[in-house]
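Before any comments, here is the structure.
Both counts, for ligands and for their atoms, begin at 1 and track the order of listing. Worth knowing before you read on, the calculation uses all heavy atoms, side chains too, and leaves out hydrogens, waters and symmetry mates.
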Amino acid sequence: MALAGVRVLELAGLAPAPFCGMILADFGAKVIRVDKTNTTYSTDTMARGKRSIALNLKSPEGVGVLKTLCKQSDVLIEPFRHGVMEGLGLGPEVILKENPQLVYARLTGFGQSGKYAKSAGHDINYISISGLLSRLGKNNENPAFPLNLLADFAGGSYICALGIVMSLFERTRSGKGQVIDSSMVEGAAYLGSFVWKSQSLGLWSRPRGENLLDGGAPFYTTYMTADGKYMAVGALEPQFYKELLKGLDLESSDLPNQMSFSDWPEMKKQFAEKFLEKTQEQWCQIFDGTDACVTPVLSFDNVTMHEHNRQRGSFLWDDEGEVSPRPAPLLSRTPAAPSSSRDPFIGEHTYEVLTEYGFNVKEISALQSSGVITCNNPKSQL
Ligand SMILES: CCCCCCCCCCCC[C@H](C)C(=O)SCCNC(=O)CCNC(=O)[C@H](O)C(C)(C)COP(=O)(O)OP(=O)(O)OC[C@H]1O[C@@H](n2cnc3c(N)ncnc32)[C@H](O)[C@@H]1OP(=O)(O)O
C-alpha cells in the first residue's frame, strides 16, 4: 500500500482527526490512536485499521511515554484547540527538537492563531467563518449546511491528510519534518476557491438560491418523483439540456431560453410537474444511458444495490456486516486495503504498542500500576 511503513500517532478527538487517521490507515499507514485512560467508550466511529493505547497525558510519565512514541514515529495528529499541546509540554518546539523528522499535524477549527484560536467550535461555525455557509441554501431561507461534511471532513480531514502526505514527500528530499497548521475554516474556504474565483463570470451575482449552481436553475436541482423519491438534474451544457428536455418530453420551442434567469422559477414549476408524473424507477429507465445528466437520489438503503456502484465495488462490508464507502481514490498499483476487523477497544493495544516501541515488561507494569496507562483485555469486552 502507498503509505506502508509510515507510523502515525493520532491523539483521540472528535470527527475530523479520526477520519484523517483512517484515511492514512486505509492506505497502509500504521495508525495508533492515543486515548485517555479514564474513558471506556470511544466515540471514534472511524477507527478502521487503527490500534488504541490508553495513556494519561496529564501525568509527566504519560507525557514522557508520548515523547518516546513521537521519537519513533513519522506523523503526529493532534486535534485540540490551540495551546493544549503546549500546556501539556508537548508543543511542536519540544517534540520536533527530539525528532526533527516528525510531521506534526495540528488539525483545528480556527487554526493556531487569530482571535478564535482558543475558542470552542464545530463544523457549522467553521463554515460560517469561511464565508461558504452564506452561499448555501434556498432563497429567503436561513443558510443550509451539508451535514458536517464541509469543514470537518473535506476542509479538515482531507486537507490535513493532503498536508501530511505532501510533508512526507518533501521530507524524502530535505530529511526534515514540519508543522502543519490545518484550520478547518481555511480548508473549507480553500475548497470554495471555485466560488471565489468564478465570481467574475457572474455565476453568483444573484441572491442565495437563485444562481446557476445553488438550486436556482431548473436544470441544476432536484425534483420529486411520483413515488416520493427524488431525481438529481445537472444538465448544464446546452447539448445535455436538450437531452433533458427530450427525456421529459418537453419542446424547447415551448420554453423560454435555458439561461433566462427571470423565467427560471416558472420553468422549475413545469419541470417539477413533469417529474411528478413518473416514479424514480421509470425516470431511470428513461435517462440511464443518455447524456441528460439525470440520476436517482439514492438513499443509504439502496445505494449499495445500485448497478453502477455494484459494478465498481464502491462500497465494502466489514467482518461485522457494517457497510461503508471504499477508500478513494483507486490507486492502480498500490490501492488501499482497508481492514475489515472490528474497531479497537480503548487501550486494547497498549501493551503491544509499548513493547513494540521499546518499553520492557517491568516499565509497562510500573506505568500500569501508577495509572499512567491502561491495558484492556479485549476478551473481557466481547
Ligand atoms: C449528546 C452528545 C454526544 C456526543 C457524541 C459525539 C458523537 C460524535 C459527533 C461528532 C460531531 C462532530 C462535530 C459536528 C464537529 O464539528 S467535530 C470538530 C470539533 N472541532 C475540532 O476538532 C477543532 C479542534 N478542537 C477543538 O476546538 C476542541 O478540542 C473542541 C472540539 C472544541 C473540544 O474542546 P474540549 O473538550 O474543551 O477539548 P480541548 O480544549 O481541545 O482539550 C482537550 C483536553 O483533553 C485533554 N486530553 C487529551 N488527551 C488526553 C489524554 N490522553 N490524557 C489526558 N488528558 C487528555 C487535554 O489535555 C485537554 O485538557 P484541558 O486543557 O481541557 O485541561
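- The closest protein non-hydrogen atom to atom 31 (C) of ligand 1 is Leu14 CD1, 4.0 Å.
- Across Lys118, His82, Met85, Lys58, heavy-atom proximity to atom 60 (O) of ligand 1 is greatest for Lys58.
- Using a distance-only test at 3.5 Å, with no hydrogens or angles considered, no donor-acceptor pair links the side chain of Glu273 to the main chain of Gln270.
- Arg7 places no side-chain N or O within 3.5 Å of a backbone atom of Leu69 that could act as its donor or acceptor partner.
- The contact set between ligand 1 and Tyr126, taken as ligand atoms under 4.0 Å from a residue heavy atom, comprises 19 (C), 20 (N), 21 (C), 23 (C).
- At least one heavy atom of Asp152 sits closer than 4.0 Å to an atom of ligand 1.
- Atom 51 (C) of ligand 1 has its nearest heavy-atom neighbour, among His122, Lys36, Arg106, in Lys36.
- Contacts between Leu88 and ligand 1 below 4.0 angstrom, taking non-hydrogen atoms only, involve the side chain exclusively.
- Between Glu10 and Arg33, no side-chain nitrogen of the basic residue sits less than 4.0 Å from a carboxylate oxygen of the acidic one, so the salt-bridge criterion is not met.
- Here the CE atom belonging to Met231 is positioned 12.0 Å from the NZ atom belonging to Lys278, to the nearest 0.5 angstrom.
- Taken from OH in Tyr126 to CG in Asp152, the straight-line distance is 7.5 Å, to the nearest 0.5 Å.
- Using a 4.0 Å cut-off between a side-chain N of Lys or Arg and a carboxylate O of Asp or Glu, Arg48 and Glu322 do not qualify as a salt bridge.
- Of the N and O atoms on the side chains of Gln239 and Glu243, not one donor lies less than 3.5 Å from an acceptor on the other residue.
- Between the choices Arg81, Glu78, Met184, the shortest heavy-atom distance to atom 28 (C) of ligand 1 belongs to Arg81.
- There is no protein heavy atom less than 4.0 angstrom from atom 1 (C) of ligand 1.
- Without hydrogens or angle criteria, His349 side chain to Ser52 main chain gives a donor-acceptor distance under 3.5 Å.
- A distance-only check finds a donor-acceptor pair linking the side chain of Thr350 to the backbone of Gly347 [under 3.5 Å].
- Scanning the protein for heavy atoms near atom 43 (C) of ligand 1, the closest one is Phe80 CD2, 3.7 Å.
- Other residues, nucleotides and ligands place no more than 12 heavy atoms under 6.0 Å from the CG atom of Asn140.
- Ring centers of Phe153 and Tyr158: at least 6.0 Å apart, outside the cut-off.
- Interface of Gly121 with ligand 1, defined as ligand atoms under 4.0 Å from a residue heavy atom, comprises 19 (C), 20 (N), 32 (C).
- Residue Asp249 holds its CG atom at 5.0 Å from NZ of Lys274, rounded to the nearest 0.5 Å.
- Here Pro16 has side-chain heavy atoms under 4.0 Å from ligand 1, and that is the only part of it that gets that close.
- Near Thr108, meaning under 4.0 Å from any of its heavy atoms, are these atoms of ligand 1: 23 (C), 24 (C).
- By the definition of a contact as any protein heavy atom under 4.0 Å away, atom 9 (C) of ligand 1 is not in contact.
- The protein heavy atom nearest to atom 11 (C) of ligand 1 is Asn148 ND2, 4.4 Å.
- Distance check on atom 38 (O) of ligand 1: every protein heavy atom falls at or beyond the 4.0 Å cut-off.
- Summarising the local packing, CD of Glu307 is surrounded by 12 or fewer heavy atoms from other residues, nucleotides or ligands at distances under 6.0 Å.
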Next on the checklist: The test is ring-ring contact (aromatic ring centres under 6.0 Å, His included); show your working for Phe219 and Trp264 and say whether it passes.
Outcome noted: CA-CA 9 Å; Phe219 48 86; Trp264 279 357; 5.6 Å; yes
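- Shown here, atom 4 (C) of ligand 1 is out of close reach of the protein: none of its heavy atoms lies under 4.0 Å off.
- Close N/O approach between Asp123 and ligand 1 is found [any backbone or side-chain N/O within under 3.5 Å].
- Proximity of Gly13 to ligand 1 is not established, as no heavy-atom distance is less than 4.0 Å.
- Judged by distance alone, the side chains of Asn302 and Ser299 do bring a donor and an acceptor atom under 3.5 Å apart.
- Salt-bridge formation is detected for the pair Glu86/Arg106: a Lys NZ or Arg NE/NH1/NH2 atom is positioned less than 4.0 Å from an Asp or Glu carboxylate oxygen.
- There is a protein heavy atom closer than 4.0 angstrom to atom 21 (C) of ligand 1.
- In this structure, atom 25 (N) of ligand 1 has protein heavy atoms in its sub-4.0 angstrom surroundings.
- Checked by distance only, ligand 1 and Ala15 stay at 3.5 Å or farther apart across all their nitrogen or oxygen atoms.
- By the definition of a contact as any protein heavy atom under 4.0 Å away, atom 54 (C) of ligand 1 is in contact.
- In summary, the atoms of ligand 1 found under 4.0 Å from a heavy atom of Gly109, numbered by their order in the structure, are 23 (C), 24 (C).
- Note on ligand 1: Gly87 sits outside its first shell, no heavy atom being nearer than 4.0 Å.
- Ranked by closest heavy atom to atom 7 (C) of ligand 1, the top entry among Thr39, Asp35, Thr43 is Thr43.
- With a 4.0 Å heavy-atom cut-off, ligand 1 is reached by the backbone of Ala120 and by its side chain too.
- Here the heavy atom of the protein found nearest to atom 59 (C) of ligand 1 is Val84 CG1, 3.7 Å.
- Within 4.0 Å of atom 33 (C) of ligand 1, not a single protein heavy atom is present.
- Close approach of ligand 1 to Leu55 (heavy-atom distance below 4.0 Å) involves ligand atoms 51 (C), 52 (N), 53 (N).
- Among protein heavy atoms, atom 29 (O) of ligand 1 sits closest to Pro79 O, 3.6 Å.
- Looking only at distances, no side-chain donor or acceptor of Lys242 sits under 3.5 Å from a matching main-chain atom of Ser252.
- Taking the charged nitrogens against the carboxylate oxygens, Arg171 and Asp74 do have a contact shorter than 4.0 Å, which makes a salt bridge.
- Using 4.0 Å as the threshold, Phe110 has no heavy atom nearer than that to any atom of ligand 1.
- Of all atoms in ligand 1, listed by their number and element, those nearer than 4.0 Å to a heavy atom of Asn56 are 53 (N), 54 (C).
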